[in-house]
Structures are given as structure tokens and as C-alpha cells.
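Worksheet: one structure, shown below.
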Amino acid sequence: MQEKEFSHYIQNYPFKEVQQRIYYLNEEKNHTQKTIERIIEKTYQDEHIRWDEFLYLLTKPALDYIEELAQIAQRITRKRFGKTVLLYAPLYLSNECKSICTYCGFRYDNPIKRKTLTVEEAIQEAMILHSQGIRHILLLTGEDYRNTPISYIGEVAEKLQRHFSSIGIEIYPLKQNEYEYLRTKGVDSLTIYQETYDPERYREVHLQGVKRRMEFRLNCPDRAGKAGLRRIGIGALLGLSDPQTEVAMVGLHAQYLQKRYWKTQITVSLPRLRPAENIKNVPLISDSLYALFFIALRIFLPDVSLILSTRESPRFRDNMIPICITQISAGSKTEPGGYSGYDTTEQFHISDTRSVADIVNMLKQKDLDPVFTDWVYVMK
Amino acid sequence: MIEDQFQRDPKPLKIANRTFKSRLFVGTGKFSSTKSMRDAIELSCTEMVTVALRRIDLTKPMEEEDIIASLDLTKIQLLPNTSGARDAEEAVRLARIAREMGGGNWIKLEVTPDPYYLLPDGKETLKATEILVKEGFVVLPYIQADPILAKQLQEAGAATVMPLGSPIGSNQGIRTKESIKIIIEQAEVPVVIDAGLGLPSHVAEAFEMGADAVLVNTAIAISVHSGYSAFSFALATLAGREAYLNGIYGNTNARTLELSYESNTWKKASASSPLTGFLDEENR
Ligand code: SF4
């Protein structure tokens with residue numbers, strides 16, 4: 001039986017080596033483009049591409065083919081997902097956090113107003129989303145095991161499960177039995193971003209807290225997969241290290257999870273680090289390269305659901321969604337109590353502030369079908 | 001010389017704890033003589049040979065069997081098979097006896113209740129796999145090209161999956177292509193295409209599709225000169241694998257074909273309105 005987890009698997013793909021490979025492909029324009037043309041041929045024959053071929057699609061020379069690749073990505077998306085786009089909304093339960101991550105506003109040493117919603121407040125917030133039509137909800141916390149224990153998350157989930165067809169969590173990493181416990185309370189999905197797959201950089205940006213344990217986090221999706229969650233979301237926070245390599249690793253991770261936890265839907269998101277205080281060496285990622293990453297992921301992993309966050313501008317989102325995005329958040333607030341209008345601090349600033357109704361209209365105009373629920377509670 | 005060619009493979013095949021240079025497995029049924037079988041094994045350069053347990057006398061030590069005595073077991077992995085077993089229980093019993101008689105702990109699991117097409121029973125195969133894995137066997141199950149079953153077997157601890165290309169002995173080639181493609185795409189253990197491969201071109205095709213190994217028996221055994229036949233299958237193994245490793249070859253017609261097939265709305269529509277035009281105005 002396959003018992004080893006991703007941290008073991010990834011040892012054959014050291015970050016620095018993958019980075020060098022991509023660097024080489026960036027430089028060797030002729031070679032890279034010839035191969036890209038062959039890869040394109042392959043997709044026309046409905047062949048799957050391999051991970052080493054996927055790397056070519058992430059490179060600078062691939063930008064010359066972006067329109068053709070986008071059309072391929074769109075065709076694949078339509079084939080696998082039809083014209084549907086799943087809507088969900090985040091619910092921040094707390095901004096308390098004992099970790100210090102240099103890129104985040106919730107970091108422990110940041111003197112911000114802290115708040116953890118009571119169970120009642122959380123339900124109230126959730127019902128505001130419910131009234132807007134949202135049925136897939138994502139519960140978020142910082143990393144504070146004491147102030148937001150699993151029993152609390154479980155209680156919120158249990159109370160919400162009657163009203164929502166899907167409850168996801170984006171909280172501190174748990175053990176397998178803890179995921180199993182939350183599953184009994186109605187949680188069906190997990191989102192956990194690795195932030196960076198570059199071990200050196202990982203150490204630099206995570207200064208304090210459980211999050212410092214890279215391996216524990218890396219194997220989190222494995223534990224959730226073993227616990228039988230229906231949907232697992234992974235991703236990297238682009239900008240912490242070399243973005244092309246990060247996406248290469250995210251692709252590898254997603255493919256691995258898809259193979260191993262074959263009953264689980266894998267979703268991928270690539271939030272772009274937004275300029276903020278105290279963050280040095282942020283590589284600027286152009287819109288074109290960023291778009292290329294999603295397009296390449298779609299071609300490499302036809303069945304993975306791709307998410308584009310509200311960090312991105314309405315214009316960028318509106319144009320990307322028809323190409324390959326299959327899941328989006330709408331009407332998001334990133335502060336606890338944000339939907340009810342409490343005055344607390346948000347985790348990051350969102351760029352697309354449109355309401356759920358606006359997003360629905362936009363999708364319809366693009367001949368896409370906004371989906372609010374894609375499974376029923378009894379299937380959990 | 002051909003052995004050297006096998007060694008070029010940058011990613012040799014690994015099953016359980018053993019590494020194989022050759023990706024061609026050979027069966028021992030249906031040969032006209034032990035000599036022609038031996039020729040075939042030698043010229044195929046195979047390192048894995050399957051032997052039907054029902055064809056040998058399981059009351060005496062295996063090495064005394066003619067077929068097995070003629071194999072160089074320092075080079076060749078012996079793979080006893082349970083062909084003829086009609087359910088999990090029979091297959092498990094055969095496997096245990098084979099091990100006791102010195103046949104080792106590798107087993108090609110075949111559960112074929114239907115005596116005509118010899119098609120495998122997935123449910124019983126899964127059951128037997130679960131039992132045998134727990135008992136320490138390296139289990140290589142023969143199955144229908146069923147992706148879900150392949151996954152379940154893998155979870156049960158199978159060392160490979162061996163989907164059929166077409167029914168045993170039919171020489172029809174890979175008639176289960178679409179399902180095998182899915183199995184290959186999803187598998188974490190080696191995928192061995194078993195049954196139905198009648199021509200070297202079938203074998204080449206299996207490797208071009210990304211199969212990890214093939215098993216050929218009837219086509220070699222019943223040909224006029226089994227040795228030459230085995231050699232041609234070995235060459236096809238190399239050709240197909242080489243093609244796979246080097247990526248796809250320039251099939252220049254592919255795109256035009258695709259276009260004329262579905263006079264293709266997505267392509268036409270998007271030609272007049274590019275999808276990525278918005279990226280020209282970088283506004284970050
Ligand atoms: S990223 Fe998460 S763990 Fe790190 S400071 Fe922010 S909330 Fe805390």
C-alpha cells in the first residue's frame with residue numbers, strides 16, 4: 001500500500017533543481033518553443049501532457065503562444081466542466097493568530113483589533129451569505145489552537161450544515177483523526193495553501209508558530225485525503241519565491257493528490273502576493289505570466305478546479321473566468337464579522353468588491369452558469 | 001546487443017523491490033516444445049516469465065518442473081499465475097501452494113470464472129488481492145480495463161495492474177484503449193498490458209500510450225519460429241518505449257484533422273475575438 005506522503009514524494013523534485021530547469025527553458029527560447037509546438041499538437045489529439053511537458057508551458061517563451069494555449073484551455077474547460085462556475089464565500093471566524101508570517105496582516109506581533117466570533121455571531125454572518133444565495137461556505141481562522149479550538153469549528157459547522165450544502169475549512173493544519181471528527185460535523189472540504197514550496201524561503205517568512213513546520217503542512221492534504229474529505233484545495237502564495245517554480249510544484253502536488261485520493265476533488269488557487277509593508281524581494285508577476293500559469297494548469301490537469309480570488313481586479317477576473325476558472329468567491333469580506341459590518345481588521349485587501357448578484361450577472365452575460373450548490377448534504 | 005538497448009531506459013521499471021531492464025514479460029503456455037519456449041525466452045531478453053500453476057505438478061518441489069528448471073532464475077523473475085481459478089478462494093489456495101512448493105511470493109492473479117473468453121472477475125480479484133497482500137505476496141492482478149477497479153486494487157496493495165487489451169489469445173490488439181489511457185493517467189503502480197497483443201505493432205502502441213510493460217504469450221508461442229517472433233516483440237518494446245520517452249512525433253496532420261472534424265465552433269469564435277487580448281494592456 002502507498003503509505004508515504006507528499007513530503008517524501010517531493011524529495012525527487014528539489015525546488016532549486018526545478019527552478020534551474022525552468023531557468024534553462026526560459027533562456028533556451030528555440031528549444032522551448034519547438035517543444036511547446038509539439039505539446040500543442042498533442043493536446044489537439046486529446047493526449048494528456050506530462051509534468052515535464054507542463055514545465056515548458058510555464059516559461060517566458062510560452063508567452064508567445066498564450067492565445068493558442070488559452071483557446072486550448074478553454075476547450076478543455078468546457079469539455080470537463082461545461083459552462084458552470086461554482087460560487088462560494090469565505091467566512092472569517094477569527095483573526096487571532098499565534099503565528100508570525102511576514103506576509104500577513106493577522107500576524108501575532110501586529111497590533112490589530114482581534115476578534116473571534118461567538119458561535120451565534122458566526123451563524124448570523126453565515127445567514128447573511130445564505131440570503132445572498134451562497135450555499136458553499138468556507139470557514140477561516142488564523143493559527144490559534146486555543147482561542148479557536150476544533151470543538152468550536154465543529155460546533156459552527158454542525159449548526160451550519162442544515163443551511164449549506166458544502167462547508168469548507170481554511171484553518172490551522174490538523175491530524176487525520178481531527179479531520180475525521182470535523183467530517184462528522186459536516187465539514188467536507190479543506191483548503192490549505194503551502195504558501196511556498198521553497199524550503200529556504202519557507203523558513204525565512206515563517207518566524208513563529210506551528211506554521212514553521214513545513215513538512216507538517218506539506219502533508220496536510222494527505223491527512224485530509226485519508227480522512228475522506230470530498231474536496232481539497234492547495235496553492236502557493238505567488239511572490240514569496242520564484243513564481244514559475246512555485247506553480248510547477250503546485251502542479252506536481254495536485255497531480256499527486258489526484259492520483260492518490262482519487263475520490264477527492266482537487267482545487268488549485270494561486271493568490272498573488274499583494275504589495276504590503278515589510279515584505280521584501282517581492283517578484284513582480286505580470287498579468288500575462290499570471291494568466292499563463294492558470295492556462296498551463298488547466299492543460300496539465302484537465303479535471304482540477306481552478307480558483308481565482310477576489311484579490312484580483314474585476315477586469316482580470318472577468319476575462320480569465322471564461323478561459324479556465326471553474327470556482328470563484330463572490331462578495332467576500334476578509335475580516336471577522338465583515339458581513340455584519342463589525343469594525344475589525346481584514347487579512348488582506350480585496351480588489352473585487354462586487355456583490356454576489358453582480359457576479360451572477362457578469363457570469364450570465366458571459367454565457368456561463370453560476371452554480372451555488374453542486375452536491376447535497378446526504379452525499380457527504 | 002538488444003540488452004544494451006534496454007539499459008538505455010532512464011527510468012527502469014520497478015515492481016515491488018525489483019528493477020527490470022526489459023519491459024516485455026513472456027508467458028509459457030501454448031509452446032510446441034520446451035526448446036521453442038526456451039528460444040523465445042532467450043531472444044525476448046525478458047526478465048519476467050509467467051507459468052500457469054495448473055499446468056504443473058504442485059505436489060513436488062517446483063524446481064523439478066521441466067519448465068522452471070529450464071529458466072535461469074538468477075536473471076528471471078518467476079511469476080506463477082493462477083489461471084483456471086474461478087473465484088478468490090481457489091486463487092488464494094493456488095498461490096499458497098505455489099509458495100510452499102518453492103515458487104516464491106510473486107503471483108499473477110487471474111480469476112477467470114468464464115471458461116470461454118477467460119475474462120477476469122473484478123470483484124473476486126479484488127478480494128483475493130486483499131488476502132494475498134496481507135500474506136506478503138507481491139500481487140500482479142489481471143483485470144478488465146476498468147479504471148475504478150485499478151484504483152481499488154492499488155489501494156489494496158497490488159504491485160501492478162494488468163488490464164487486458166482484448167480477450168486472451170484473441171490477438172486483436174488494444175481494443176480497450178480509452179479505458180487503458182485513463183488507467184495509465186491515474187496509476188501510481190506500473191500498468192502492464194496483458195492479453196490480446198498479437199503483433200509487435202500492438203506492443204509498440206501500448207508503450208506509445210505510456211504503458212509500463214506488456215505481457216505476450218500466445219502470439220509468440222504459436223508463431224512458426226517462436227524465437228524470431230519473440231525478438232520482434234522485443235524490438236517493438238524498445239521502439240514503443242523510445243517513442244514514448246521522446247515525446248510525441250510531429251504528426252503534422254493532426255491539427256487540420258481536428259479542425260475539419262468539428263468545423264469547430266470554439267476555434268472559429270475565438271479567432272475573431274481573442275481570449276487574451278485583455279493582457280496587452282498591462283495595468284498593474
Ligand atoms: S498567514 Fe495564517 S498563520 Fe500566518 S500570520 Fe496569517 S493568519 Fe497567522
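Keep in mind the model is a prediction, meaning the values are calculated, not measured. Chain A is the first sequence line, chain B the second, and so forth, proteins listed ahead of strands; every chain is numbered from 1.
Looking at A/Ala70, both its backbone and its side chain come within 4.5 Å of chain B, counting heavy atoms on both sides. Proximity to chain B (any heavy atom under 4.5 Å) is shown, for A/Phe316, by both the backbone and the side chain. At a 4.5 Å heavy-atom cutoff, B/Ala159 makes no contact with chain A through either its backbone or its side chain. Within the 4.5 angstrom heavy-atom criterion, atoms from both the backbone and the side chain of A/Ile66 approach chain B.
The environment of A/Lys259 atom NZ is dense: over 12 non-hydrogen atoms of other residues, nucleotides or ligands sit within 6.0 angstrom.
Scanning residues 176-185 of chain B against chain A with a 4.5 Å heavy-atom cutoff picks out B/Lys181, B/Glu185, ordered by number.
Considering only residues two or more places apart in sequence or on other chains, A/Asn219 meets the side chain to side chain contact (heavy atoms under 4.5 Å, CB included) condition with A/Glu5, A/Phe6, A/Ser7, A/Glu215, A/Asp222, A/Arg223. In this view, A/Tyr261 satisfies the ring-ring contact (aromatic ring centres under 6.0 Å, His included) rule with no residue, not counting sequence neighbours. With sequence neighbours left out, the side chain to side chain contact (heavy atoms under 4.5 Å, CB included) criterion links B/Glu47 to B/Phe20, B/Lys21, B/Ser22.
Residues A/Arg230 and A/Gln265 have side chains that never bring a donor and an acceptor to within less than 3.5 angstrom of each other.
Taking the ring centre of A/Tyr9 as origin, the terminal cationic atom of A/Lys4 falls outside the region bounded by 6.0 Å and 45° from the ring axis.
Between A/Arg311 and A/Asp352, no side-chain nitrogen of the basic residue sits less than 4.0 Å from a carboxylate oxygen of the acidic one, so the salt-bridge criterion is not met.
Looking at A/His253, its side chain never comes within 3.5 Å of a backbone N or O of A/Met249 through a donor-acceptor pair.
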